2 protein chains.
Amino acid sequence: MKREKISELTTNRLSVYLRCLNALLANSVATVSSQRLAEDFNLNSAQIRKDLAQFGEFGVRGVGYDVRALRDHLTVILGLDRPHRAAIIGAGNLGSALAGYYGWSASNFSVVGVFDTDPDKIGLHVGANAILVQPLENLSRVVEEEMIDVAVIAVPGAAAQSVLNTVMDAGIKAVLNFAPARLYPRFGVKIKTVDLTVSLETLSFFLARPAAPYVNQTGNGLATYSNKTNGDEHS
Amino acid sequence: MKREKISELTTNRLSVYLRCLNALLANSVATVSSQRLAEDFNLNSAQIRKDLAQFGEFGVRGVGYDVRALRDHLTVILGLDRPHRAAIIGAGNLGSALAGYYGWSASNFSVVGVFDTDPDKIGLHVGANAILVQPLENLSRVVEEEMIDVAVIAVPGAAAQSVLNTVMDAGIKAVLNFAPARLYPRFGVKIKTVDLTVSLETLSFFLARPAAPYVNQTGNGLATYSNKTNGDEHS
DNA sequence: CTCTGTGAAGTCATTCACAGCG
DNA sequence: CGCTGTGAATGACTTCACAGAG
């Protein structure tokens, strides 16, 4: 085991491994080899071993990995053993949907506040669990009171950097950004951008050249998490 | 110019370049050098030139690129000169929000149908523009009638592969997937997955190790589109 | 014998650096 | 001159292949 910097590609895969392990656990599988994991999920077995080896020696030679133990280790490594609390900025379509998204709890996240600057939105209750929309000015106070550690930016691109600044001023260090904009974080702040425009336009490019569309980097039809294109599959 | 396979990393950047060019055009900038583009948007100028050179010689030596002409070229290259029509599968929170998302039209997309299998959802009108939710069985017929070429999967992970099969049976070749699941496409079908679970868990990992969190690959605080971590910024 | 952990090799992407055009 | 287009150099990630533990 070496304590080096962990690349984002690795952390993305850790999340996938955790998902796989939970599925195996649900099927009462007690032990799994990197080979078996790789086959089931179209990854390279050496990559799985290398990824895991960065955090410790979890495997048993000749046997494989204990599913539950590895699951627990990954949960701790990913920081999912402690709850996270999120604020959503922007109470439009997307922000409201995210406020009621069922996927948060599986990763030990909860949405504890929705914020907007539009007076027409403030005071509304949005999402499946009807969270109150507060003025953005409240953010800093609520972040402290509610121990919020993650912000989700769901505002138009033009407003995104300004919102990010407000979010950083409130002391938040981790941001999930849905605005189609390049954002400049301060030192020590992590942003993850989900850019639907880029995704759509890449699909459009594919449709525009059906003959020789892409380099298929793996040839196995499931490039999703096994290579650096990061979230894209093609065959 | 060489006619080779184009990597996904390149197409993602093309989309970003197009966005930048539109912004310049809105500011009445007529000509731009790769140097200037690189500075404004924290990219490497050689990479911009290399990306563009794969499709033709658009620049003028000693001068730079004509903003409007390059914009028009990229629009055609990305296939955005022709309209695309999308179906959304899954009328839950996320699917409904996407049906009313304002970002579609900027890329010449329109949402022309929403589908679900839940009898309670069928017949409802969802999203900002109140699109009727139809039974998934209608998909194949509507795809043909409405010339749909893109599908958006917004269903729970467990149902995603089955929905993808239905979508592919209907003849759709490009899919945007929001389900947290690894999907197996058939040959000639392109899938782009937006996995919110992976994004959240990566943020959680960052928060769990504030000391030596990541390799910062560029050091400029805007790694977003300039490197292979693809959508992530950190400083 | 099986399967992990890992150095070495291979593949792919980015950046450098410059020849050459306008 | 300045800037593009591109070979060469560098760097990053993945895969191979095997020593060694159990």
Side-chain angles (χ1 to χ4, degrees), chain A residues 1-14 17 31-39 42-67 69-70 73 214-220 222-230 232, chain B residues 1-14 17 31-39 42-67 69-70 73 214-220 222-230 232:
Chain A
M1 170 186 181
K2 299 188 207 164
R3 274 240 161 249
E4 290 179 6
K5 297 280 193 277
I6 309 300
S7 97
E8 182 108 11
L9 266 24
T10 300
T11 64
N12 288 346
R13 284 190 300 265
L14 291 181
Y17 301 156
T31 303
V32 70
S33 67
S34 64
Q35 181 66 55
R36 166 81 195 289
L37 256 182
E39 279 169 14
N42 286 83
L43 303 162
N44 178 290
S45 66
Q47 182 157 69
I48 296 176
R49 293 197 298 276
K50 270 225 157 89
D51 284 341
L52 298 177
Q54 301 205 34
F55 299 95
E57 304 210 351
F58 302 126
V60 178
R61 289 162 198 243
V63 178
Y65 299 90
D66 181 87
V67 174
L70 186 55
H73 271 121
Y214 280 107
V215 181
N216 187 345
Q217 300 185 3
T218 60
N220 63 18
L222 187 84
T224 320
Y225 302 108
S226 63
N227 69 33
K228 64 196 65 160
T229 61
N230 186 19
D232 308 314
Chain B
M1 170 187 181
K2 299 187 207 165
R3 276 240 161 249
E4 291 180 5
K5 297 280 194 279
I6 310 299
S7 94
E8 181 109 11
L9 267 25
T10 300
T11 64
N12 288 346
R13 284 191 299 263
L14 291 181
Y17 300 156
T31 302
V32 70
S33 67
S34 63
Q35 181 66 57
R36 167 80 196 289
L37 257 182
E39 279 169 14
N42 284 82
L43 304 163
N44 177 289
S45 65
Q47 182 157 69
I48 296 177
R49 293 197 298 277
K50 269 224 157 93
D51 284 341
L52 297 177
Q54 301 204 37
F55 299 95
E57 305 211 350
F58 302 125
V60 178
R61 286 157 199 249
V63 179
Y65 299 90
D66 181 87
V67 175
L70 187 55
H73 271 122
Y214 279 108
V215 180
N216 188 345
Q217 302 187 2
T218 61
N220 63 18
L222 186 83
T224 320
Y225 302 111
S226 64
N227 68 36
K228 63 196 66 163
T229 61
N230 184 22
D232 307 313

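In what follows, chains carry the letters A, B, and so on, assigned in the order in which the sequence lines appear, proteins first and then strands, with residues in each chain numbered from 1. Since the structure is predicted, the reported quantities are computational estimates derived from the model, not experimental observations.
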Starting at atom [atom1] of [X], determine the distance to atom [atom2] of [N], rounded to an integer number of angstrom.
| X | N | atom1 | atom2 | result |
| --- | --- | --- | --- | --- |
| A:D51 | D:dT15 | CG | C1' | 13 Å |
| B:L43 | C:dA13 | CG | C1' | 14 Å |
| B:Q54 | C:dT14 | CD | P | 10 Å |
| B:F55 | D:dT4 | CZ | P | 18 Å |
| B:E8 | C:dT11 | CD | C1' | 18 Å |
| B:L14 | C:dA13 | CG | P | 14 Å |
| A:L9 | C:dA13 | CG | C1' | 12 Å |

Please tell me if the side chains of [X] and [Y] come closer than 4.5 Å, counting only heavy atoms from C-beta onward.
| X | Y | answer |
| --- | --- | --- |
| B:Y17 | B:I48 | yes |
| A:F55 | A:I6 | yes |
| A:S33 | A:Y65 | no |

Using a cut-off of 4.0 Å on non-hydrogen atoms, how would the nucleic acid contact of B:S34 be classed: base, sugar-phosphate, or nothing?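 B:S34: backbone/sugar contact only, no base atoms under 4.0 Å.
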According to salt bridge (Lys or Arg N to Asp or Glu O under 4.0 Å), who are the partners of B:R36, at least two apart in sequence or on a separate chain?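 For B:R36 the salt bridge (Lys or Arg N to Asp or Glu O under 4.0 Å) partners, ignoring immediate neighbours, are B:D40.
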In chain order, what residues pass the salt bridge (Lys or Arg N to Asp or Glu O under 4.0 Å) check against B:D51, with sequence neighbours excluded?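 Testing B:D51 for salt bridge (Lys or Arg N to Asp or Glu O under 4.0 Å), a comparison that skips the adjacent residues, returns B:R13.
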Look at the side-chain N and O atoms of A:Q47 and state whether any lies under 4.0 Å from the OP1 or OP2 oxygen of D:dT14.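 Yes.
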OP1, OP2 of D:dG5 versus side-chain N and O of B:Y65: anything below 4.0 Å?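 Looking at the OP1 and OP2 atoms of D:dG5, one of them is under 4.0 Å from a side-chain N or O of B:Y65.
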In Å, rounded to the nearest 0.5 Å, how long is the span from CG of B:L52 to CD of B:E57?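 One gets 11.5 Å once the value is rounded to the nearest 0.5 Å.
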Show each protein N/O and nucleotides 16-22 of chain D N/O combination with a separation under 3.5 Å, one pair to a line.
| from | atom 1 | to | atom 2 | distance (Å) |
| --- | --- | --- | --- | --- |
| D:dA17 | N6 | A:R49 | NH2 | 3.2 |

